[in-house]
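The chains referred to below are lettered A, B, ... by the order of the sequence lines, with proteins before strands, and numbering in each begins at 1. All figures in this text were calculated on a predicted structure; none of them were measured in a lab.
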Amino acid sequence: MYTGEERKKEEREHRLPPLPKAEIGKVVMRFAPNPNGPPTLGSARGIIINGEYCKEYKGKYILRFDDTDPKTKRPMPEAYGWYLEDFEWLGYKPDEVIYASKRIPLYYEYAKKLIELGGAYACFCKKEEFKKFRDSGTPCVHRNSSVEDNLEVWEKMLEGAYDEGEVVLRIKTDISHKDPAVRDWVAFRIIYTPHPLVGDAYCVYPMLDFESAIEDYLCKTTHILRGKDLRDSELRQRYIYDYFGWEYPVTIHWGRVNVLEFGKLSTSLIKREIEAGKYEGWDDPRLPTVRALRRRGITAEAIRRFYLALGLSESEVNVSMRSLYAENRKIIDPQANRYFFVADPVEIEIENLPEEREVLIPKNPNTGEKRVLLGEKVVYVSRDDFEKLNGDNVRLKDFCNVILGKRAKFVSYELLEAKKGRNIIHWLPKSFSKKCKVLGDRIWEGYAERGVEKEVGRVVQFERFGFCKIEKANDEIVAIYTHE
RNA sequence: GCUCCGGUGGUGUAGCCCGGUCAAACAUCCAGGCCUUUCGAGCCUGAGCCCCGGGUUCAAAUCCCGGCCGGAGCACCA
């Protein structure tokens with residue numbers, strides 16, 4: 001139950017600023033990834049921010065695959081499904097899914113119209129050659145070709161009459177525009193590599209800026225929210241909008257996110273490292289992909305709050321995963337059942353233990369549920385604790401006090417004899433511990449408490465160790481380390 | 001080099017558009033304490049910030065100019 005105070009706090013913290021020029025029910029937004037790998041924590045920002053606004057304004061949410069580069073950033077066939085999957089897992093449902101690669105003829109139509117309007121021309125300059133023109137702000141000879149000539153070259157491009165790199169279609173902007181990034185940019189280029197979705201149906205592919213400009217117009221996109229890296233796109237695309245007399249959507253750009261723990265991990269870099277065997281796959285728990293986070297037990301809600309808290313700031317931010325973990329902990333801590341996991345176990349025998357006894361331990365402080373553990377002579381404690389507290393009077397949590405050692409001396413059952421806090425450690429009876437392996441930055445081998453095998457698929461708290469998601473429970477329990 | 005965007009405690013965010021109520025708020029982190037049979041959770045206290053320099057003004061975190069620092073774009077990538 002929230003108190004009024006708490007609720008207010010919550011709302012203040014997680015509210016997005018109002019969307020400019022937005023009307024309830026009339027907003028159309030899109031999230032447009034290239035499916036050259038699964039969604040990452042970075043992609044999640046786009047999915048979430050756009051998704052939240054769509055929810056708030058009861059708008060239409062489009063998932064658009066910008067998959068028009070079969071060569072350099074080649075789409076992965078599996079990744080389309082991964083996006084659909086993670087999109088919904090994060091809590092959003094696309095009202096429409098668009099595959100740019102399946103709509104290429106549409107782009108051709110607009111390209112032709114643009115040539116007819118004198119807004120585009122075929123350019124035979126080599127890329128390095130054109131760079132000189134761009135840098136100096138001077139036109140190349142092709143810029144003045146007639147509409148008829150351009151049209152003819154364009155048709156021949158489509159027929160496959162040219163080689164890759166021989167000719168491109170450029171948008172005629174302002175060749176001396178003060179920002180070199182917008183000067184006569186490339187709209188279409190020739191690629192003969194077959195596309196994973198449409199094969200060799202086409203050999204002329206649009207560049208992102210062209211495809212995106214046309215799609216946003218066709219879909220009546222009202223608001224574009226994306227990273228700052230695409231800021232210049234607006235400047236470039238506006239030329240197309242101006243030629244056609246269209247109105248450009250409202251744009252908002254957020255700054256780059258640097259996640260401390262991951263550094264600069266691009267999708268293509270991760271791909272290479274997976275191929276090199278450094279990671280098990282795209283859901284390797286060490287990776288910042290959405291599926292890896294899910295596998296680890298990070299909740300969608302935590303990721304959502306994390307990004308809502310970041311907001312729409314244009315400055316680039318350096319954040320730590322610890323912020324995400326803090327959000328996640330707030331969500332899972334009240335639900336997670338408690339168990340003992342003894343990492344790097346040391347076997348100890350309690351001399352002169354008066355009797356074996358079953359002890360009741362809280363399983364879930366929230367529900368008051370308890371679990372039962374057999375307090376017996378031979379128990380495991382973790383190497384860490386053993387080394388730090390050897391010879392000390394320690395409390396085996398909920399069981400008894402002993403002087404810690406390979407051969408430990410029983411002191412008493414009384415809790416009061418233990419100094420509260422510092423020397424209470426967890427333990428496991430030798431007779432029914434299950435082998436358990438925890439996968440994280442490193443691998444911990446040890447024993448887990450009986451009962452954990454019933455928690456497959458759920459996140460539990462291994463007391464004094466951390467939250468873990470139980471993944472498998474066969475001969476051995478396998479858990480993924482979630483966070484502290 | 002050219003262009004654009006940013007710079008508020010250690011980190012992140014709010015405030016900036018519409019100057020005063022901001023000697024600056026919230027979260028997290030850190031330090032100490034309380035509570036607790038987890039080193040978890042919760043509670044309390046504390047430390048810590050407007051990049052720099054000019055200008056405008058009775059008054060500047062807020063407006064203007066210059067500098068410095070950071071980032072992004074300048075691809076036949078997205």
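Nearest nucleotide to the Ala181(A) side chain, out of C30(B), C74(B), U38(B): C74(B). Closest contact between the side chain of Ser315(A) and the listed nucleotides G7(B), G71(B), C5(B) involves G7(B). Comparing C76(B), A78(B), U38(B) by their closest approach to the side chain of Val186(A) singles out C76(B). When distances are taken from the side chain of Arg338(A) to each of U38(B), C76(B), A78(B), the shortest belongs to U38(B). The side chain of Glu463(A) sits closest to U38(B) out of C74(B), C77(B), U38(B). Residue Ser313(A) places its side chain closer to A14(B) than to any other of A14(B), G40(B), G73(B). Comparing C74(B), A72(B), G40(B) by their closest approach to the side chain of Phe467(A) singles out G40(B). Distances were taken from every side-chain heavy atom of Lys228(A) (C-beta onward) to each of U3(B), G71(B), C74(B); the shortest belongs to G71(B). Relative to the side chain of Val319(A), the nucleotides A41(B), A72(B), G12(B) differ in distance, and G12(B) lies closest. Nearest nucleotide to the Asp398(A) side chain, out of G40(B), U37(B), C77(B): U37(B).
For A72(B), the OP1/OP2 oxygens have a side-chain nitrogen or oxygen of Arg256(A) closer than 4.0 Å.
For the 3.5 Å distance criterion, the side chains of Tyr307(A) and Glu52(A) fail to qualify, holding no donor opposite an acceptor. With 3.5 Å as the limit, one finds no donor-acceptor pair spanning the side chains of Tyr205(A) and Glu211(A). A donor-acceptor contact closer than 3.5 angstrom links the side chains of Asn364(A) and Asn337(A).
Pair check for C34(B) finds G42(B); Watson-Crick or G-U wobble, both atom distances under 3.5 Å. The partner of G48(B) cannot be assigned: no Watson-Crick or G-U wobble pair with both contacts below 3.5 Å exists in any strand.
Comparing G48(B) with G1(B), their P atoms are spaced 40 Å from each other, to the whole Å.
Judged by distance alone, with hydrogens and angles left aside, the side-chain atoms of Lys172(A) form no donor-acceptor pair with the main-chain N or O of Asp184(A) at under 3.5 Å.
Nucleic acid contact for Lys178(A): sugar-phosphate only, since backbone atoms but no base atoms lie under 4.0 Å from a heavy atom of the residue. Within 4.0 Å (heavy atoms only), Leu310(A) reaches sugar-phosphate atoms of the nucleic acid but no base atom.
Note: His177(A) and Tyr239(A) have perpendicular aromatic rings, judged against thresholds of 30 and 60 degrees for the angle between ring planes.
Between the CD atom of Glu211(A) and the P atom of A78(B) there is a distance of 8 Å, rounded to whole Å.
Both Ser233(A) and Phe462(A) lie near RNA chain B, and the one whose nearest nucleotide falls closer to the 5' end is Phe462(A).
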